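One structure is given here, and the rest of the page talks about it.
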Amino acid sequence: MAKKITGPQMIVANRLLDGRVVFMRADGSWSTVAGDAGTAEDEGGVAALETLAQKSAHANEVLSIEVIEATIRDGKPFPAHMKFAMQATGPSVRTDLGYQVSPNWER
Amino acid sequence: MYAYDKYDHAITNARVAEFRDQVERRVKGELTEEEFRPLRLMNGLYLQLHAYMLRVAIPYGTLSANQMRRLAHIARKYDKGYGHFTTRQNIQYNWPKLSETPDILQELAEVEMHAIQTSGNCIRNTTTDQFAGATADEVADPRPYAELIRQWSTFHPEFSFLPRKFKIAITGAALDRAAVKWHDIGLILKKNDAGEIGFEVLVGGGMGRTPVIGKTINEFVHERDLLSYLEAILRVYNEQGRRDNKYKARIKILAEDLGAEEYARQTNEEWARIKDQPLDVPAEEAARIKSFFRAPPLPVLPDDVPAVDELEKKNFLFKAWVKNNTNPHKVPGHVNLTISLKPHGGIPGDATAEQMDLVAALADEYSQSEIRVSHEQNLILPHVAKKDLPAIWADLDEVGLGTANVGLLTDIIACPGLDYCSLANARSIPLAQAITERFDDIKRLQDIGPLKIKISGCINSCGHHHAGHIGILGVDRKGEENYQLLLGGSGAEDASKAAILGPGFDEHGIIDAVEKVVAVYLGEREDGEEFLAAYRRLGPAVFKEAVYGAR
Amino acid sequence: MALVNLTGVTPGTWDVIDTDSAPREGAAVAVPLARLADEDETFFKAVGSVGAIVPTDAAYTDLAPLANKLAFVVIDFPAFGDGRGFSLAVRLRKDLGFKGEIRATGPVIPDQALFLKRAGFDTIDVADDREAAFKAALERFGAFYQTDFVGQLSVAHLRHSKTDSSDKDADGERKAS
Ligand code: HEM
Ligand code: SF4
């Protein structure tokens, strides 16, 4: 990562099979809840998270891995930037259908 | 409508099987994501912010009632009950699962549909006039030629890995409703002095970060030579189009670098070498395809329908709907009816499964089972008898499809923007919703008259903002959504590039700015002068003064 | 590496030589196009047969003066998405009348097997574990919408030809006679 790390970072990806947005826990497993994400604040920590994420991608569990900035809300991480925040919540339109109402993907 | 024969079925089914196999290989890890990505894209499967997105082709925007019902079924069974009709006359589903897409493709194949080449660096769905074959003002029906191009471009052995995406549009009418000048290749149907049918061929139109209006490279290519001529254009592009920089890879850049004359020369030189090869279809095949598009046997009916007049007197919204949402059919007593997918406060181009089913039922009952999708993201019943308008309106109005705003300011084109799209800088949909709420008054909209607002969430220009009378472009300003205002574009026969008026705005600012632009127009217009004409006469200065003067 | 044979040619074997190494006398040699352009007749006489290794950014016109001296051509794809390789093969067959073997090398993928065949390639160099996938892909489609330059007529022509097999087909949708 060439980007300078200025605060907590977290990892977001999409599940291969259904595309669902997932956030990586500190142990390398994936959660649909942003607040479960593991965070790192220094280069070594971020690299370690990335390695775990790549391993999962190679095991064909997820794709489109991104390291993103996190803000800490009530002690839990949440994507800092709007685009990724929207990944956590679902689109800002049709809020009757997004992750807001169906976090586990039921239709 | 075109009906598949055994070859078409075999090819489409083989594609479904192939994709099923590709998905299996991907899931097992035999294909890496890098290898799988272009393969899934060539079947219209993207990965977006929240999920996969599947783009299904609606070839040249024509579909049957049955096909529409299948689209509704797919929305219900594999998605979240809705779909999004696009500026390329296709439909996108926002929530399909990778593991289920082969089944979706199978369901599509059963009704002679597919998602082939709806993305990727290949020849995409050919688009055309939504009123094709049904409008009073056309030289010939463009759809048989679009079908010829569909077949020729499907799995082309040489042109499936082009430098960049490639889009072709055809118009059969002098009034260009297909934005042909903004396409990689634009085709305008014409008759020569001998009364033969052919095409004026334009090359090198495109939007994106370098908007270019296509230039004519041949005034008349005979219809029998269409495919070999296209092949020559594509070969020159495939060989020489830039591959080092994806922003410079479209044919528009090559055509600018070579110049239209040189592009024409190289095309003609190559065409001379191949035109006698059996690349074009035999006359019997051209006739076979044309036979599917014969005009339906509509009775000539009176143009005056007292029941319609009666209801118009009683109901202003119905009257406005008839005025704005219908276009003259070539058979007297009939119209092409546009169903607006732009309810005020709604999402441009979205339709629920229930709405799709209703449109299908109306098409069965009133429009020869035929439906069209326009590049302006509306649905069309092409063959409606005027006398049926009151009944149709009542049905549509009940499910929120009765908005009388076609061609007016709230008939906004908007791309999915940041709500769905991973490339976006800013949201498009909420802006369209806010503008339509601000202008939620059909009387006022009719007074303003024809005005096309087009919104893209980033410079890729999926929302055609370069061609908007008012164009809005979402940009990222230090992590905040910001919107640029452009004026004076046109996607029609008088195509022009919209120009940026000045610094960008936040979401509230851009809506106020649109309001001010409209106010200037209303104050300055001459008798009967439409917005675009007024802008062209006045120039940007007065608009700039009104919008930025106080800043 | 395995070799996928698309057309049933007898595939050649050859030494690959680079920009400055000397060929074995009398051998079949594959030589980078850039070097071949500089070699004179003595080079061609010294070896048994010569093939060109052609990068996809070569213009087919660069091959024109050489085509009749070449026994085979290797088109080397830097990436499978580089579609210029397909046009090069088409040009060799269509415009330069090249009859020798055309081989694809580089990271082409199984899903391109039929495209390669129909563009004029004879053989593809593939990783061993990909051979089966390439062969399966060759069987995938039986009808094509384009006439190509290696003898396949488009469906548009087949539909109206006397030998159209659809007459015999059970689906019975098509012409009866
Ligand atoms: C949501 C996923 C989408 C993605 C990732 C996407 C991506 C892109 C990209 C990258 C381009 C620029 C291509 C270039 O200039 O080389 C483009 C152009 C375009 N897109 Fe999309 N698009 C999406 C959705 C749509 C939708 C929903 C529509 C229709 C409403 C659409 C219509 C177009 C059109 C008409 C162009 C052509 C503009 C031109 O001529 O340059 N796209 N798209
Ligand atoms: S214009 Fe940009 S934001 Fe809108 S759909 Fe296209 S790529 Fe996405």
Side-chain angles (χ1 to χ4, degrees), chain B residues 3-11 14-15 17-18 21-22 25 30-31 34-36 38-39 42 120-122 148 150-163 227 231 234-241 243-244 270 273-274 277-289, chain C residues 56-57 59-60 77-91 94-95 107-112 114-120 129-130 133 136-137 139-150 152-161 164-166 169-174:
Chain B
Y4 280 16
D5 72 354
K6 62 162 193 163
Y7 293 110
D8 301 303
H9 276 295
I11 291 171
R15 177 58 151 200
E18 179 182 44
D21 175 62
Q22 288 164 346
R25 279 155 59 209
E30 290 171 23
L31 284 174
E34 289 64 47
E35 291 172 321
F36 181 59
L39 302 178
M42 271 189 261
N121 295 334
C122 48
L148 271 180
R150 183 189 75 82
Q151 297 192 18
W152 163 79
S153 62
T154 297
F155 310 140
H156 197 290
E158 190 181 349
F159 306 138
S160 290
F161 296 89
L162 296 168
L227 297 184
E231 181 137 341
L234 263 298
R235 186 160 295 122
V236 171
Y237 171 56
N238 191 41
E239 291 178 332
Q240 295 176 50
R243 290 172 188 264
D244 56 332
E270 173 58 8
R273 282 193 284 233
I274 59 175
Q277 309 262 8
L279 299 174
D280 286 292
V281 304
E284 306 90 288
E285 175 66 0
R288 185 189 77 97
I289 290 183
Chain C
T56 49
D57 62 1
Y60 83 97
F77 287 77
F80 69 83
D82 189 341
R84 291 175 296 191
F86 296 91
S87 282
L88 272 173
V90 166
R91 291 288 198 181
K94 170 175 90 71
D95 294 326
V108 293
I109 53 178
D111 315 85
Q112 292 175 311
L114 276 171
F115 292 155
L116 289 165
K117 177 177 175 182
R118 299 185 57 220
D129 60 357
R130 288 261 163 125
E139 304 301 319
R140 193 127 261 153
F141 292 91
F144 305 96
Y145 282 126
Q146 309 78 18
T147 295
D148 58 33
F149 296 99
V150 294
Q152 173 72 50
L153 274 183
S154 76
V155 155
H157 290 84
L158 296 182
R159 282 179 174 129
H160 305 281
S161 78
D164 178 0
S165 61
S166 68
D169 263 6
D171 66 18
E173 281 172 11
R174 302 206 3 96

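Computed from a predicted model, the values in this text were never measured in an experiment. To find a chain, count down the sequence lines: A is the first, B the second, and so on, and within it residues start at 1.
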Open item on the list: Counting heavy-atom pairs under 4.5 Å with chain C, which one of Arg150(B), Arg15(B), Gln151(B), Glu239(B) comes out on top?
Closed with: Gln151(B)
Task: Portion of Leu148(B) that has a non-hydrogen atom of chain C nearer than 4.5 angstrom - done: neither
- [ ] For the pair Phe159(B) and His156(B), name the ring-plane relationship: parallel under 30°, tilted 30 to 60°, perpendicular over 60°.
- [x] parallel
- [ ] State the CZ-CE distance between Phe161(B) and Met42(B), to the nearest 0.5 angstrom.
- [x] 3.5 Å
Open item on the list: Heavy-atom pairs under 4.5 Å with chain C: which of Ala10(B), Ala286(B), Pro38(B), Ser153(B) has the most?
Closed with: Pro38(B)
- [ ] Taking all heavy atoms of Arg159(C) and all of Tyr145(C), pick out the closest pair and write down the distance.
- [x] NH2-CE2, 4.4 Å
Task: chain B contact via Ser87(C) - side chain, backbone, both or neither, heavy atoms under 4.5 Å - done: both
Open item on the list: If I measure from the heavy atoms of chain C, does Glu270(B) come under 4.5 Å with its side chain, its backbone, both, or neither?
Closed with: side chain
Task: Residue Asp8(B) versus chain C: region with a heavy atom under 4.5 Å - done: both
Task: Residue selection (most heavy-atom pairs with chain B, distance under 4.5 Å) from Val155(C), Asp111(C), Leu114(C) - done: Asp111(C)
Open item on the list: For chain B, which candidate among Gln112(C), Arg91(C), Arg118(C), Lys94(C) shows the most heavy-atom pairs at distances under 4.5 Å?
Closed with: Arg91(C)
- [ ] Look at the side chain of Gln146(C) and the backbone N and O of Thr154(B), then say whether any donor-acceptor pair between them is shorter than 3.5 Å.
- [x] yes
Open item on the list: For Lys117(C), which atoms come within 4.5 Å of any heavy atom of chain B: side chain, backbone, both, or neither?
Closed with: neither
Task: Closest approach of Arg235(B) to Phe149(C) (non-hydrogen atoms, all atoms of both residues) - done: NH2-CE1, 3.5 Å
Open item on the list: Would you say that Ile109(C) contacts Leu39(B) through its side chain, given a criterion of any heavy-atom pair below 4.5 Å between the two side chains?
Closed with: yes
Open item on the list: Is Glu30(B) close to chain C through its backbone or its side chain, or both, or neither, when contacts mean heavy atoms under 4.5 Å?
Closed with: backbone
Open item on the list: So for Leu153(C), is it side chain, backbone, both, or neither that comes closer than 4.5 Å to the heavy atoms of chain B?
Closed with: side chain
Task: Residue, of Asp95(C), Asp129(C), Leu116(C), that accumulates the most heavy atom pairs under 4.5 Å with chain B - done: Asp95(C)
Open item on the list: Is Tyr60(C) in contact with chain B via its backbone, its side chain, both, or neither, using a 4.5 Å heavy-atom distance?
Closed with: side chain
Task: Interface residue of largest heavy-atom contact number with chain B, from Leu88(C), Val90(C), Asp57(C), under 4.5 Å - done: Val90(C)
Task: Structural part of Ile11(B) lying under 4.5 Å from a heavy atom of chain C - done: both
TODO: Measure across Pro163(B) and Arg243(B) and return the closest heavy-atom pair with its distance rounded to 0.1 Å.
DONE: CD-NH2, 3.4 Å
- [ ] With sequence neighbours excluded, tell me which residues meet ring-ring contact (aromatic ring centres under 6.0 Å, His included) with Phe115(C).
- [x] none
TODO: Examine whether an atom of Ser160(B) lies under 4.5 Å from a heavy atom of chain C, and if so say whether it belongs to the side chain, the backbone or both; otherwise answer neither.
DONE: side chain
Open item on the list: Report which part of Pro278(B) has an atom under 4.5 Å of a heavy atom belonging to chain C: side chain, backbone, both, or neither.
Closed with: both
Open item on the list: Ignoring hydrogens, what is the shortest heavy-atom contact between Arg25(B) and Pro110(C)? Give both atom names and the distance.
Closed with: NH2-CG, 3.7 Å
Task: Closest non-hydrogen atom pair, Arg288(B) against Asp5(B) - done: NH1-OD2, 4.1 Å
TODO: Please work out which of the three classes, parallel, tilted or perpendicular, describes the rings of Phe77(C) and Phe86(C), given edges at 30° and 60°.
DONE: perpendicular
Task: Stepwise side chain to side chain donor-acceptor pair (under 3.5 Å) check, Glu158(B) with Asn238(B) - done: CA-CA 8 Å; Glu158(B) 190 181 349; Asn238(B) 191 41; 4.8 Å; no
Task: Region of Gln277(B) in contact with chain C, defined by heavy-atom distances below 4.5 Å - done: side chain
- [ ] Could you look at Asp82(C) and say if it's the side chain, the backbone, both or neither that has a heavy atom under 4.5 Å from chain B?
- [x] both
